[in-house]
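Hydrogens, waters and symmetry mates are skipped; everything else that's a heavy atom, side chains included, is used.
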Amino acid sequence: MFRSTSTVLARGRFLIPSTPLRCASPSATFVALRLSAPARFVSSLSANPKRATPRRLPIRPSPAVALTSFRSCSHASHQRRRAAMTDRDILPDTFKPVHYDLVITDLDFTTWSYKGTVTIEGQLTKPTTEIVLNTLELKLLNSRIEISQSKSDQSWESSNFTEDTKSQRSTITFAEQLPASPKASLTVEFTGELNHDMAGFYRSQYKPVAPPAASVPHDDEFYYMLSTQFESCDARRAFPCFDEPNLKATFDFAIEIPDDQVALSNMPVKETKPATQGKKLVSFERSPIMSTYLLAWAVGDFEHIEAFTDREYNGKKIPVRVYTTRGLKEQGQWALQHAPKIIDYFSERFEIDYPLPKSDILAVHEFTHGAMENWGLVTYRMTAILFDEKLSEARFRNRIAYVVAHELAHQWFGNLVTMDWWDELWLNEGFATWAGWLATDHLHPDWDVWPQFINEGMDQAFSLDAVRSSHPIQVEVRDALDVNQIFDKISYLKGCSMIRMLASHLGVKTFLKGIAIYLKKHQYSNAKTEALWAALSEASGTDVNTLMQNWIEKVGFPVLTVTEEDQRISVKQSRFLSTGDVKPEDDQTTWWVPLSLKGKTGSKGIEPLALTTKESTIDGVSNDFYQLNAGATGFYRVNYPESRLKRLGTQLDHLTTEDKIFITGSAADLAFSGHATTAALLSFVQGLKQETHYRVLSQALDSLATIKSIFGDDEQVKAGLEKLTLEVIDNALKTVGWEAKEGEDFNTGLLRKRLLLTAVSNSHEEIRKGAFERWSAYQANPEQSPIPANLRAPVYHSAIVTDPANAVAALKKEWYTTPAIDGKEICLQALGRTTDVEVIKKVLLPFLFNSSPPAAAADSIPGADMHILSGMFAGNRAARPLMWAYIRDNWDEFTGKLAGNPILVDRMINVSLPKFNDLETLKEIEAFFAGKDTKGFDRTLEQVKDKIRGRAAYKTRDAEGVKQWLVSNGYA
């Protein structure tokens, strides 16, 4: 699943080496790695057994760490996890499902309800009078169980149901004890809700762009389509089931729908039969064995476009379709250009053919996430899948290509092989994130997607993992509400960073060979992290578990502090915290750190060294230039001496795009935490004036924006930072200008928008004037003076700055009426930049928090999009405290609007509150939530509070230093 806010094998089976092995020595320090050499374990102690903790090791290529410790280390981890399972709130193991036959009928568009019958075949493992299964917001009517004995079948009926809404379970109690049997069939009749909460089986509202079919449900404002969203634990909202990822089964599905609508599900249609008057029963082919959260269906006024894979699968090309509501299908062309190619690409790279007979894509009008990887029927938020060649902003080409690749990667990694339990969500999401970028890079090498990941993805992972309340990648998950909170930047982006780091170390070709081994061994089943490490170890001859265990099981990441001597550097690893207050108990982990050293005397390449102790020394390092983490594949920060950072700012020609982004990000994080000074960061950024690469300038501008958001209360500092920012972008801005040039590359278009928006935000009078002139012309005559899609953001912002009251009214209207798929998102982002206090209070906060009904639809942002405006408000000095006061004073209204979907409440807390810079507001937040039930966002709330602590500490510590630097350098 792709989470968007601004989103992862038989049980107990894993590969075990055939010979007893031991854990690697913890004393090993630097290990130089060469994959082509014979595999063996190398400890620095072996060269000098008298030295218990070596301080220095001559740098020379050495063989890879061999497969020496998988069995004992993995067994210990396995035992720990087995013990932890006792804390999980899981279903009793009385009934083991094998197959579901689900039929949905009587869709009622007046009461928004339906009827269903599900027959679950499986094994009754022990005698019992009770069967417990998952339900939520369902009414169970009747049940019957048939049990096959050796010579006869017996059946029992029951309507004795006990519901536990907290645990989301229902217990069916039978009058007699049921005997254990390898073959049992449980049938339950039930009714359910077609809710409007974007979870379970739900309805989405939309305004049709073409006349809809007669039967499509509608009210005075909207028409509706129906679809499902089951991950992580919402299949239970649609039908009674055993809703846990390792309780896989096959599915037969049928649904009764109006004759003039279309039904979709995971598999192709098997049969369509007439039902009651004006209706038909659509049945689908049996699915492969899969988890309940991957089942999906949809009903609506759909049309589609179609393409086919180039490769053949079982003698046939796979049909790939993009479905939309009527009138929108042509906007699926960009996605359709990619999906068949990506299916072929992954089939070859993973060495397993795409396993289903079709691949459908569905654009859903209201969607909590970015997309959902339902096997064979992937569902998407509209802006993540549709692109209008005339009206859409270019950046959405990138987004769509990546999200399609991410979701298709899941068809293997997550669907074919599924994590055993939610604590290993990263196996799904971390890998799909990495594979998504891999495929996007394959199709669009000119886009520079790995620099994009470092700038946008890795940087966000660092940000969350730098707080004390972060969590390990492999995190304890007790129940459904716990699960929702770990679909976060750790599972997705740190998980991806781990995969990228390991793939770079092993070599991508070797890494993918290990992935193929893993998928083949565990297809149609579940697996744990150890199984992945075993497959990668088999492919590479490297003990992957030893390298990666702490990265997966421990919280946080290291900062490497470098000290220099003549042709020698010493490197020390310690945990990084953005608050800068690392305590001894926080710093207990020693990570395997691939150093990727560039600048060894006599070498022009990158030395593949690894640090495996807290501290050591490297000889033979150039005094003039060296660099750690060349290529930025390692997940750590590097704290160079200030003089070295300043020198690197004059040696940009030695650095790749990835290096510049990484060094800038490191300097920003180190300044934030107090490991280094903001003056050092500003001096480095000052050296980027001639830079024109979009991603490098984006990282620099992100860093300057953070500084401005924290220290900009001081008008002198704010003005100085704006002057510096405009100086940094001046050369690139003059180069790209306002107008796109024929034949310019993709990133130049993105750069133009970013530079113009930055110029407007930082008081560039000429750009503001030019932007507002475009706005005025558009308002006077939209048809004659349309605003180019890529320029809407800076033009809208200039209008907000220049004429806030009128611009807000116009943009609210634009938000409601725009024909552009991405138009609502861009309008909300612009509205979030409003600084007029009265307009925020009287217009925009009600617009954000109103529910419709009773409010008019034009005056209420749907829950799925609230985070867009609130996230902008959080970064807005004027709006931030007003939004918090509104949430605080209207908590019941706030939760009432979002209560049907706890993911939305968690997301709003996450985006609305973390950018305060003062401890007084932190105390208010702590006091307010002390009396509230925070289950469902408790983990997120702690992270928010840690982020505020870090910002407050940074402001207190460095305010004077920032001002002094700006004054001494002529900016203030």
Side-chain angles (χ1 to χ4, degrees), residues 6 393-395 451-452 455-456 459 657 660-661 664-665 667-668 681-682 684-712 717-740 744 746-775 787-802 807 825-826 829-835 871-872 874-878 915 962 966 971-972:
S6 315
E393 188 177 316
R395 67 186 169 96
Q452 178 183 354
N455 171 219
E456 296 178 354
D459 205 59
T657 299
K660 294 173 192 175
I661 295 168
T664 305
L681 165 64
L682 293 173
F684 184 81
V685 169
Q686 193 180 29
L688 298 174
K689 297 174 188 177
Q690 300 305 309
E691 183 61 55
T692 58
H693 195 287
Y694 170 51
R695 297 299 171 186
V696 178
L697 282 174
S698 287
Q699 187 72 52
L701 295 175
D702 291 345
S703 301
L704 290 172
T706 297
I707 296 170
K708 183 179 174 183
S709 74
I710 292 174
F711 301 102
V717 170
K718 178 185 175 185
L721 289 169
E722 289 185 349
K723 185 176 180 181
L724 170 61
T725 300
L726 294 180
E727 185 178 281
V728 169
I729 69 171
D730 184 63
N731 174 62
L733 183 59
K734 288 176 179 176
T735 300
V736 301
W738 275 98
E739 304 299 331
E744 72 180 17
F746 176 74
N747 281 325
T748 298
L750 301 185
L751 176 63
R752 176 178 295 105
K753 176 217 169 173
R754 178 70 192 259
L755 295 178
L756 291 170
L757 188 57
T758 300
V760 173
S761 299
N762 288 276
S763 307
H764 191 301
E765 291 306 320
E766 181 183 345
I767 297 297
R768 278 189 178 180
K769 181 180 177 183
F772 190 68
E773 287 174 355
R774 286 167 169 80
W775 168 260
I787 301 170
N790 292 342
L791 300 182
R792 282 174 296 175
V795 169
Y796 290 178
H797 188 194
S798 72
I800 290 289
V801 170
T802 307
E825 183 172 320
I826 292 168
Q829 289 170 342
L831 288 168
R833 298 179 186 277
T834 308
T835 57
M872 296 300 296
N876 178 333
R877 187 171 287 104
K915 292 188 178 179
V962 170
L966 292 170
Y971 297 105

Non-hydrogen side-chain atoms of [X] and [Y] separated by less than 4.5 Å:
X: T748; Y: T735; result: no
X: N790; Y: L750; result: no
X: L733; Y: I767; result: yes
X: V717; Y: I707; result: no
X: Q699; Y: D459; result: yes
X: H693; Y: I661; result: no
X: R695; Y: K660; result: no
X: Y694; Y: N455; result: no

So, taking the atom named [atom1] in [X] and the one named [atom2] in [Y], what distance separates them when rounded to the nearest 0.5 Å?
X: L724; Y: I729; atom1: CG; atom2: CD1; answer: 10.5 Å
X: D730; Y: K689; atom1: CG; atom2: NZ; answer: 10.0 Å
X: Q829; Y: L757; atom1: CD; atom2: CG; answer: 9.0 Å
X: L704; Y: L682; atom1: CG; atom2: CG; answer: 6.5 Å
X: L721; Y: T706; atom1: CG; atom2: OG1; answer: 11.0 Å
X: K718; Y: L966; atom1: NZ; atom2: CG; answer: 14.0 Å

Has the side chain of [X] got a donor or acceptor atom that lies under 3.5 Å from a matching backbone atom of [Y]?
X: R833; Y: A830; result: no
X: E393; Y: R395; result: no
X: R774; Y: G770; result: yes

Answer yes when E739 and R752 have at least one side-chain N-carboxylate O distance shorter than 4.0 Å, and no when they do not.
-> no
Under 3.5 Å side-chain donor-acceptor pair for N762 and K723 =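 Result is no, nothing qualifies.
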Side chains of E722 and S763: do they bring a donor and an acceptor to under 3.5 Å?
-> yes
What's the verdict on salt bridge (Lys or Arg N to Asp or Glu O under 4.0 Å) for R754 and D702, showing C-alpha distance, side-chain angles and the deciding distance?
-> CA-CA 11 Å; R754 178 70 192 259; D702 291 345; 2.8 Å; yes
Please tabulate, for the side chains in residues 794-801, all donor-acceptor contacts under 3.5 angstrom to protein atoms that are two or more places apart in sequence or on a different chain.
{"unit_1": "H797", "atom_1": "ND1", "unit_2": "S761", "atom_2": "OG", "d": "3.3"}
{"unit_1": "S798", "atom_1": "OG", "unit_2": "F772", "atom_2": "N", "d": "3.3"}
{"unit_1": "S798", "atom_1": "OG", "unit_2": "V795", "atom_2": "O", "d": "2.7"}

Go through L726 and H764 one step at a time and tell me if the side chain to side chain contact (heavy atoms under 4.5 Å, CB included) criterion holds.
-> CA-CA 7 Å; L726 294 180; H764 191 301; 4.0 Å; yes
Heavy atoms from other residues, nucleotides or ligands near NZ of K915 exceed 12 (cutoff 6.0 Å) =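 Not buried by this count: 12 neighbours or fewer within 6.0 Å.
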Side chain to side chain contact (heavy atoms under 4.5 Å, CB included) evaluation trace for T664 with L688 = CA-CA 10 Å; T664 305; L688 298 174; 4.1 Å; yes
I826 and A793: which non-hydrogen atoms are nearest, and at how many Å?
->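 That would be CG2-N, 4.4 Å.
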